[in-house]
Asks: 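Quick one: structure below, then a few questions.
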Amino acid sequence: MKNSDALGANEIVELIFTYLTEVSSLRDYDDVMFVLANMGRSLTSADRCSIWLVSDDKKSIWTKVSHGMDTVELPIDSGIVGSSVINGEKIILDDVYKDRRFNQKIDTQTGYLTKSMMVIPMFNNSNETIGALQVINKKSEKGTFDKRDLERLSLASIYAAETLISAKLSKDIQETEKEVILTMGSIGESRSEETGNHVKRVAEYSKILALAWGMNETEAELLKQASPMHDIGKVAIPDAILNKAGVLNTYERQIMDTHAKLGFDMTKNSDKPLFKAAAIVAHQHHEKWDGSGYPKGLKGEEIHIYGRITAIADVFDALGTDRVYKEAWSDEKIFNFFKEERAKHFDPTLIDLFFKNLDEILSIRETLKDKYIELEHIKQDMHQIKILGAYGTKSKGFGTSSFYLNSKNVIDAGNLLDSLQEASIDVENIWLTHSHLDHIADIAYILDNYFSLRSKTLNIMALPETIKVLKENFLNDSIWPDFSVIPMFNAKEMALKYTEIELCKEYKIGQNESIRAFETDHTVASCGYIYKKDEQAILITADTYSLDSMIHEVQNDKSITTIVVECSFPSSMKELAIESKHLTPELLFSKLKKLKRDNVKLYINHIKPIFLKEIRKEVEDLSGKWKPIVLKDNDFINF
Ligand code: C2E
Ligand code: SIN
Ligand code: SIN
Ligand code: SIN
Ligand code: FE
Ligand code: FE
């Protein structure tokens, strides 16, 4: 059997469409769940897939659907699925028997041998966990699941969650199908940071224009449902091009432009009127009235009315929203552009109708505004931080140390800009561990990039020695401007301020949130931090050699549930590690022996990317009772 590593994006989409078509012929939610489990299994080439639900009293989880076994019920606080559900965490395990959370009871009873496993929690609209999708035993030579499988299973989990929510509300199954199709349409978008509201807006704008043009209600509604799929072909465009932060070069542009034809190919074989309409929309939404568009260079009324309408809806929305590659345009600029492009890019009649119906269009835009879920995910009631940069040196695709605590507070400034982009404007306090470049570099760039947009002073919270170094050697008007004497563009206060922190003192940084520093051992003055929310805390060590002070903190503060410790070099480079006061896996795990608590979770960061494989392997071999997780950029930690 073919494993999913070998499946191309096209085949994946085909698979999804096949299942979707199957789903849409069903009339019963239980059958839908069963088809979705099959879809999860095929998409990831797993041997089995189960859909688990949280019981009404929230005390247990049970299998709604499950390949190869009867319904099973487990206490919610047991097992790997339980852990995923409770922590809202995605889990990938190569060998479940190496994980102490694994509940072996089912295997013992059924005689089935579970090895690799992947679990994705499902949430309802209020962000409560309602269950989880679980796949077991990857059918490939390697036998383990990877990040791509995770992405694919996420698709199935989105549908499953949507279906469950609808079933609960006793919604019409047809209604659910519409929701699922909207979600489908956003696949192409979902890898960029947008929420999927783009496709919903395009749908509504298209219907308004269709009705204004004289289309009957039934057909206008069909176009409304089909237009969200205009960019479905983008799933086949590599991430590096789709999410490139800058202008595409000629080669990349050629690849990008294939999304129209690809989308057509993906949808054209269906007999359903909806997909037939979607095929037209996908194919023709980049054609232009004057014949200068793609893929075919069709002209005027040669372009199907669905294509001409979606073109206006799509471009209007694209121009008005931020994209990875550009900022949103002002309305004035957009309207001028539309007037300019009347009878060039766009059908002149439709442009006139667009302006006639502008009020209605703008009101839709307001109702379906984008919410930037990426950061709002970090909900106030959750104990979660985001890793903005996880590595010990900068390299393509690897960011250096930075931790996002809440919208105003971060620890270290190695990689604020790449991860946060505009959200970095809101950062008010950077809590520095020490003065090495990989921990401070983005102080320079967030001030520079967003100088005209910031209205709050940026506070550098650091040890006196660290501040001295920054003043003398970094923001000194030679390497970079001394922002502490430059007033902000929008306010009279200075752009930057230094605040000396005291070790062991608790600073309040939000409701029920505090941070305190403890001294660590590195080649320059340095500290680690304990970030506490309610009665739970996470300790971040930062660069260090001796772990004594960290161990002291963890022994004495039982609210610490989680620690992050560095591991810069492989054990073979012990000398360099010691000299630069860093750790290797060998040093790390031998030093951790002194820590006499075992209910703490261990995360590892600050790896030098070129040693990533070697260090991961060593960590796996040497970790003993620890089940450490090696952090990557953009990971979340729940503590
Ligand atoms: P999209 O971002 O959804 O944009 C859809 C269409 O809106 C574009 O089709 C274009 O007609 C219009 N549009 C969007 N932004 C601008 C802009 O800043 N100026 C002008 N004049 N028109 C704009 P187009 O050009 O065929 O692009 C199709 C898709 O290709 C875009 O979808 C986007 O995903 C991608 N793309 C285009 N240019 C770039 C780029 O420079 N960098 C990256 N990363 N992607 C790009
Ligand atoms: C796929 O998972 O194959 C589609 C996404 C991509 O091409 O990166
Ligand atoms: C677990 O979640 O730990 C056990 C459940 C299973 O084996 O499917
Ligand atoms: C650092 O402390 O991360 C910089 C020094 C080194 O990598 O050896
Ligand atoms: Fe497009
Ligand atoms: Fe460092």
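Worth saying up front: this structure is predicted, and the values here are computed from it rather than measured. Start at 1 and go down the list; that is how both ligands and their atoms are numbered.
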Asks: Students often mix this up, so state it plainly: with edges at 30° and 60°, are the rings of Phe335 and Phe316 parallel, tilted or perpendicular?
Replies: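 Because their plane-to-plane angle is under 30°, the rings of Phe335 and Phe316 count as parallel.
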Asks: Looking only at distance, does Leu319 have an N or O less than 3.5 Å from an N or O of ligand 1?
Replies: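 No - when backbone and side-chain N and O of Leu319 are compared with those of ligand 1, no distance drops under 3.5 Å.
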Asks: Taking it one step at a time, do Trp289 and Arg308 satisfy side-chain contact (heavy atoms from CB on, under 4.5 Å)?
Replies: CA-CA 8 Å; Trp289 185 258; Arg308 280 180 275 149; 3.7 Å; yes
Asks: Identify, by atom number and element, the atoms of ligand 1 in contact range of Met256, meaning under 4.0 Å from any of its heavy atoms.
Replies: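 In order of number, 29 (C), 30 (O), 34 (O), 35 (C).
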Asks: Out of curiosity, is Lys234 lining ligand 1, as in a heavy atom under 4.0 Å away?
Replies: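 Lys234 counts as a contact of ligand 1 under the 4.0 Å cut-off.
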Asks: For atom 7 (O) of ligand 1, tell me which residue out of Ala328, Ala318, Ala260, Gly293 has the closest non-hydrogen atom.
Replies: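 Result: the heavy atom closest to atom 7 (O) of ligand 1 is in Ala318.
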Asks: Could you tell me whether the side chain of Ser424 and the main chain of Leu420 form a donor-acceptor pair under 3.5 Å?
Replies: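 No; judged by distance alone, with no hydrogens or angles, the pair does not exist.
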Asks: With Lys339 as the cation and Phe355 as the aromatic partner, state whether NZ or CZ is under 6.0 Å from the six-membered ring centre and within 45° of the axis.
Replies: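 So Lys339 does make the cation-pi contact.
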Asks: With heavy atoms only and a cut-off of under 4.0 Å, state how Asp314 meets ligand 1: side chain, backbone, both or neither.
Replies: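 Within the 4.0 Å criterion, Asp314 contacts ligand 1 through side-chain atoms alone.
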Asks: For a distance under 2.8 Å, tell me if His286 has an N/O/S atom near the Fe ion (ligand 5).
Replies: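 Short answer: yes, at least one N, O or S atom is under the cut-off.
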Asks: Does the N or O separation between Tyr294 and ligand 1 drop below 3.5 Å for any pair?
Replies: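 Checking ligand 1 against Tyr294, an N or O pair does fall under 3.5 Å apart.
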Asks: State the CD1-CG distance between Ile208 and Leu353, to the nearest 0.5 angstrom.
Replies: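 Taking CD1 in Ile208 and CG in Leu353, the distance rounds to 11.5 Å.
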Asks: I'd like to check which ligand 1 atoms, numbered from 1 as shown, lie under 4.0 Å from a non-hydrogen atom of Phe337.
Replies: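 Those of ligand 1 that fall under 4.0 Å from Phe337 are 21 (N).
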Asks: Is ligand 1 less than 4.0 angstrom away from at least one heavy atom of Gly246?
Replies: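 Right, Gly246 reaches ligand 1.
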Asks: Do any nitrogen or oxygen atoms of His345 lie less than 3.5 angstrom from nitrogen or oxygen atoms of ligand 1?
Replies: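 The answer is no, given that His345 and ligand 1 share no N or O pair closer than 3.5 Å.
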Asks: Is the number of heavy atoms from other residues, nucleotides or ligands under 6.0 Å of Asn249 CG greater than 12?
Replies: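 Result for CG/Asn249: enclosed.
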Asks: Report the distance from atom CG of Leu153 to atom CZ of Arg41, rounding to the nearest 0.5 Å.
Replies: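 So the gap between those two atoms works out to 13.0 Å.
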Asks: Decide, counting backbone as well as side-chain atoms, whether Asp231 has an N, O or S atom less than 2.8 Å from the Fe ion (ligand 5).
Replies: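 Short answer: yes, at least one N, O or S atom is under the cut-off.
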Asks: Distance from Tyr205 atom OH to Phe354 atom CZ, nearest 0.5 Å?
Replies: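 Separation between the atoms: 8.0 Å.
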Asks: With a 4.0 Å cut-off on heavy atoms, is Ile241 in contact with ligand 1?
Replies: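 The answer is yes: ligand 1 sits under 4.0 Å from a heavy atom of Ile241.
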